[in-house]
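Some notes on the structure that comes next.
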Amino acid sequence: MAFTVRGLKVPPNSASLEEARNRVFDFFRSACRSLPAIMNIYNLDDVTTISHIRSTIASEIRKNSHVTDPKVIDMLLFKGMEELGNITEHAKQRHHIIGQYVVGREGLVQDVGSKDQGISNFLKNFYKSNYF
């Protein structure tokens with residue numbers, strides 16, 4: 001599965017917004033097709049499901065849905081392809097994948113309540129904004 005991702009190259013510039021949009025859809029499809037291999041490489045079956053990671057990828061793409069410049073979309077697409085390539089070539093470790101795509105910015109659900117006991121509001125806001 002990782003070899004299919006290597007063959008997909010991002011052309012330097014999209015001619016129009018519609019072409020850039022189609023390339024984003026192609027990237028999403030290729031990312032979803034590589035998810036079973038990623039689940040096997042990083043042994044994520046005990047932590048999450050494919051549908052959860054797929055929805056995380058979709059939310060990351062939707063986060064930039066306001067962008068209308070094709071060059072900026074191409075740059076974001078290149079960053080996404082680079083990230084997907086790093087993941088499929090096992091350049092990241094398991095805890096990186098879990099931290100970025102399974103847990104996310106919210107943190108573990110059981111950790112949220114226990115961390116906040118006896119901490120000032122300043123530190124709570126600081127940890128919320130700077131804790132990845």
Listed by chain and number, what are the side-chain contact (heavy atoms from CB on, under 4.5 Å) partners of [X], not counting sequence neighbours?
X    : value
N121 : K124
I57  : F28, A31, L35, I53, I61
F122 : S120
T68  : none

Quiz prompt | By side-chain hydrogen bond (donor to acceptor under 3.5 Å, both in side chains) - contacts of R94 (at least two apart) | solution =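 Per chain and number, R94 pairs via side-chain hydrogen bond (donor to acceptor under 3.5 Å, both in side chains) with D46.
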
Practice problem: Mind checking side-chain hydrogen bond (donor to acceptor under 3.5 Å, both in side chains) for S51 and listing every partner two or more places apart, or none if nothing turns up? | Solution: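 Scan of S51 (side-chain hydrogen bond (donor to acceptor under 3.5 Å, both in side chains), adjacent residues dropped) gives T49.
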
Quiz item: Would K79 and E82 pass as an ion pair if we require N to O under 4.0 Å?
Solution: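 No salt bridge links K79 with E82.
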
Self-check item: Salt-bridge present (R23, D26; N to O < 4.0 Å)
Solution: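 No, this pair does not count.
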
Quiz item: Going by the ring-ring contact (aromatic ring centres under 6.0 Å, His included) test, which pairs reach into residues 43-67, not counting sequence neighbours?
Solution: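 Checked against ring-ring contact (aromatic ring centres under 6.0 Å, His included) - neighbours excluded - no pair reaches residues 43-67.
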
Please report the interatomic distance [atom1]([X]) to [atom2]([Y]), rounded to the nearest 0.5 Å.
X   : Y   : atom1 : atom2 : result
L84 : S30 : CG    : OG    : 5.5 Å
C32 : F27 : SG    : CZ    : 9.0 Å
E19 : N22 : CD    : CG    : 8.0 Å
N13 : M75 : CG    : CE    : 12.5 Å

4.5 Å side-chain heavy-atom contact, [X] and [Y]:
X    : Y   : answer
Y101 : L44 : no
Q100 : E83 : yes
I73  : S14 : no

Quiz item: Under the salt bridge (Lys or Arg N to Asp or Glu O under 4.0 Å) test, which residues partner R54, sequence neighbours left out?
Solution: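 With sequence neighbours excluded, R54 shows a salt bridge (Lys or Arg N to Asp or Glu O under 4.0 Å) to no residue whatsoever.
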
Exercise. For D45, enumerate each residue passing the salt bridge (Lys or Arg N to Asp or Glu O under 4.0 Å) test, keeping only those at least two apart in sequence or located in another chain.
Key: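 With neighbours one apart ignored, the set is empty.
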
Donor-acceptor contacts under 3.5 Å from residues 36-43 side chains, at least two apart:
from, atom 1, to, atom 2, distance (Å)
N40, ND2, P36, O, 3.4
Y42, OH, I87, O, 2.8
Y42, OH, K92, O, 3.3

